[in-house]
Amino acid sequence: MQIPSKPARLTAELRVEPREVDARAWQAHVLKHPFGLGALYGLGPLAGGRRWNAEGWDATEPPTITREERAETVVRIRALKVDGERCGASRLEREEYRGDAPHARMPCYACSIARRCEEITREIGERYAGALTRALEALADPLAVRRGALAARLMQQARHGVDPSALVLSVGRLGNGDRGARISAASGIRSELYLERGALRWRTTYKEDLGSACARVSFLKEVLQPITGLALSDQAWVPRRWWETIS
Amino acid sequence: MTHSYPIAEMIESALAVLAEDLPAVHDVEQVELVLEQAGDALRGGLPLPRAVARWLAGVSAETLGAVADRWVAALSSRALPSDDDDLDTLCGAVSLRDRAESAAVGIRRACAGADRIAGEVPGFEALLATQRQLDEGLKARVSRAAAESALGIRRGLLASGSWTDALGEGEAGASAGEPPSVSGAAPSSAAPPDEVLAAYVAEGRWAAWVEGFAANSPELAESLAETIAVLREEREQVGIVARRWQQRGAGPVLLGLEERLAAADGAERARRTLLLGALSPLDAKARLIVEDGHVTVRVLANPGTLRAVRFGDSHLEAESSPGQWELTVAWTEGPLSLEVESADGRRFEVALALQPGADA
């Protein structure tokens with residue numbers, strides 16, 4: 001899978017290059033996020049019922065995946081048998097899981113049938129990948145804003161309703177310390193990209209189920225930690241139209 | 001205006017907007033919003049605008065309790081990361097936990113302004129208990145360093161005595177605090193199942209079983225090598241034992257690092273923790289911490305089970321603290337040898353090459 005499907009230039013200094021993602025890595029993302037396996041694998045003493053749609057990919061507009069589509073696709077994945085190998089993802093059929101959670105990692109990384117699985121989930125995978133494509137389109141010719149101005153504007157929105165088209169791009173230190181970029185949308189969808197040799201390359205896309213305006217604002221305000229000496233990380237970028245509309 | 005940390009600019013700007021346009025009614029959602037911003041400010045050592053403080057003092061205990069209840073629900077349904085490398089889940093969990101900290105600070109401030117005791121706010125004790133539960137869950141799975149790194153810009157709110165202290169040095173990550181109990185004995189000649197392969201790749205567990213089987217099964221060996229390559233490319237956790245096996249003894253085991261770590265200056269304070277996993281065949285595990293031009297190896301084993309640890313040109317013949325051996329050397333691109341000897345004479349030896357660039 002190539003994500004995004006074509007290069008994109010965001011600013012004079014920032015361009016996004018497509019990344020060819022190995023089928024196993026791609027299926028790990030597709031099953032973890034839209035199919036909700038990550039939530040079903042969710043660990044911890046606190047988690048009560050862990051729902052497949054905890055990230056809310058069934059609530060995007062249009063839905064990235066529906067419950068019925070998921071159920072049908074899971075049956076097809078389970079029926080898949082290549083050279084005697086079958087899907088090894090436990091709990092995939094479950095819509096909710098309340099049992100003890102073992103230390104679980106996505107089994108797709110070691111899966112020998114991932115390429116065939118990718119064919120089965122292609123449409124859903126493409127919709128999932130489309131989240132980044134749409135974000136990049138919205139960020140064509142973005143407006144650079146100071147972090148403080150961004151926080152102030154978001155706070156105004158929080159008081160009177162966060163515009164669903166709100167989107168924030170930041171460059172800096174990812175959670176693991178790598179250089180990268182983060183694109184957070186008011187919908188709760190977030191994509192992260194690595195910054196390597198002057199180009200951005202996809203790392204992940206996931207979604208948070210943001211219940212309140214407060215959570216939405218906090219999510220959008222979570223810009224990346226700036227990097228000393230990297231001027232790009234001193235500001236954030238937003239869709240020009242969104243910013244000017246709410247002025 | 002210059003700020004000592006990046007989030008300060010955001011907090012001050014948000015508070016300035018709030019102070020000019022405070023909600024007319026104490027609606028739960030709006031109170032939640034103001035409490036969090038106020039908590040951020042207080043934790044960041046920033047002054048709380050008088051208008052905001054007055055507004056908070058007027059919030060009823062019932063409304064504060066309703067906010068606390070919302071936080072308990074949010075924290076309770078939060079999935080925890082499997083380890084340091086489950087980055088998406090880790091970032092979400094620590095961000096939520098940190099925001100809950102600010103909410104609690106905000107509730108305390110609101111109570112102080114109203115001459116009220118926070119503990120009497122319905123739901124407040126439950127909020128604190130839920131925070132502690134989440135901390136316990138995190139402590140068992142991730143290191144403090146990884147949690148703080150995942151906080152990103154919110155890391156600027158952590159001070160001495162912050163909630164991340166509860167994570168301790170949290171030699172968690174791969175398999176929580178205890179040393180690996182499976183040194184690699186094969187329980188059978190059967191093909192190792194996926195769970196065993198995953199544990200081998202990430203943590204170096206079941207090494208004898210997996211490597212023994214792979215030696216007689218070209219199919220498994222090929223599949224395993226591909227899996228390790230993909231995981232390394234994806235920057236997923238791959239332990240030192242699996243890396244060594246993948247390289248088939250061809251030179252030192254490569255560990256990719258960003259260039260910034262090699263040349264990190266004091267201002268940037270770059271820090272990266274690399275989980276090496278189990279040091280099969282020993283019942284010990286290790287991690288590397290690369291920071292400010294130095295590399296520290298931290299080896300964990302049950303007290304008394306190791307005899308010596310050598311790292312580069314440094315060595316120890318006694319534990320640094322019970323169950324822990326720690327050695328620091330200057331960063332180098334050249335091979336760094338790590339040798340660990342157990343009390344019963346078994347040895348683990350590997351040469352490491354820390355390389356700038358992606359981990360591929």
When you check the side-chain N and O atoms of A:Ser218 and B:Glu36, is any donor under 3.5 Å from an acceptor?
-> yes

Engaged part of B:Ala14 at the chain A interface, taking heavy atoms whose separation is under 4.5 Å | both

Given a strict heavy-atom distance threshold of 4.5 Å, which part of A:Tyr109 is in contact with chain B: side chain, backbone, both, or neither?
-> both

Ion pair check, B:Arg155 and B:Asp98, cut-off under 4.0 Å | no

Does the ring of A:Phe219 carry A:Arg190 above it, NZ/CZ under 6.0 angstrom from centre and within 45° of its axis?
-> yes

Can you tell which of A:Cys111, A:Gly229, A:Ala213, A:Gly88 has the highest number of heavy-atom pairs within less than 4.5 Å of chain B?
-> A:Ala213

Chain B contact via A:Arg216 - side chain, backbone, both or neither, heavy atoms under 4.5 Å | neither

Got a donor-acceptor contact below 3.5 angstrom from the B:Glu32 side chain to the B:Val67 backbone?
-> no

Which bit of A:Thr204 is near chain B, if near means a heavy-atom gap under 4.5 Å: side chain, backbone, both or neither?
-> side chain

Inter-residue atom distance A:Ile3.CD1 - A:Leu193.CG, 0.5 Å rounding | 8.5 Å

What part of B:Glu226 is in contact with chain A, defined as an atom under 4.5 angstrom from a non-hydrogen atom: side chain, backbone, both or neither?
-> both

Note, B:Leu18 side chain near B:Trp55 side chain (heavy atom, < 4.5 Å) | no

Which atoms of A:Arg24 approach chain B - backbone, side chain, both or neither, heavy atom under 4.5 Å | side chain

Name the member of B:Gly92, B:Pro23, B:Ala198 that forms the most heavy-atom pairs with chain A at distances under 4.5 Å.
-> B:Pro23

Could you tell me which of A:Ala110, A:Pro226, A:Ala28 has the largest number of non-hydrogen atom pairs under 4.5 Å with chain B?
-> A:Ala110

Select one option (side chain, backbone, both, neither) describing which atoms of A:Glu208 are under 4.5 Å from chain B's heavy atoms.
-> side chain

Bottom line for B:Leu151: the part with an atom under 4.5 Å from chain A's heavy atoms is neither

Highest number of heavy-atom pairs under 4.5 Å with chain A: which of B:Asp88, B:Val201, B:Val230, B:Thr227?
-> B:Asp88

Interface residue of largest heavy-atom contact number with chain B, from A:Ala215, A:Ala149, A:Ser90, under 4.5 Å | A:Ala215

Hey, are A:Lys207 and A:Asp58 close enough for a salt bridge, meaning a charged N less than 4.0 Å from a carboxylate O?
-> no

Heavy-atom distance under 4.5 Å to chain B: side chain of A:Ala54, backbone, both or neither?
-> neither

Using modelled atom types only, decide if a donor and an acceptor are shared between the side chain of A:Arg182 and the backbone of A:Glu222 within a distance under 3.5 Å.
-> yes

Taking C-beta and beyond as the side chain, do A:Tyr41 and A:Met106 meet within less than 4.5 Å on heavy atoms?
-> yes

Look at the rings of A:Tyr128 and A:Trp26 and say which category their plane angle falls in: under 30° parallel, 30 to 60° tilted, over 60° perpendicular.
-> tilted

Pick from A:Ala158, A:Ser170, A:Gly172, A:Pro107: which one has the most heavy-atom pairs with chain B under 4.5 Å?
-> A:Ala158

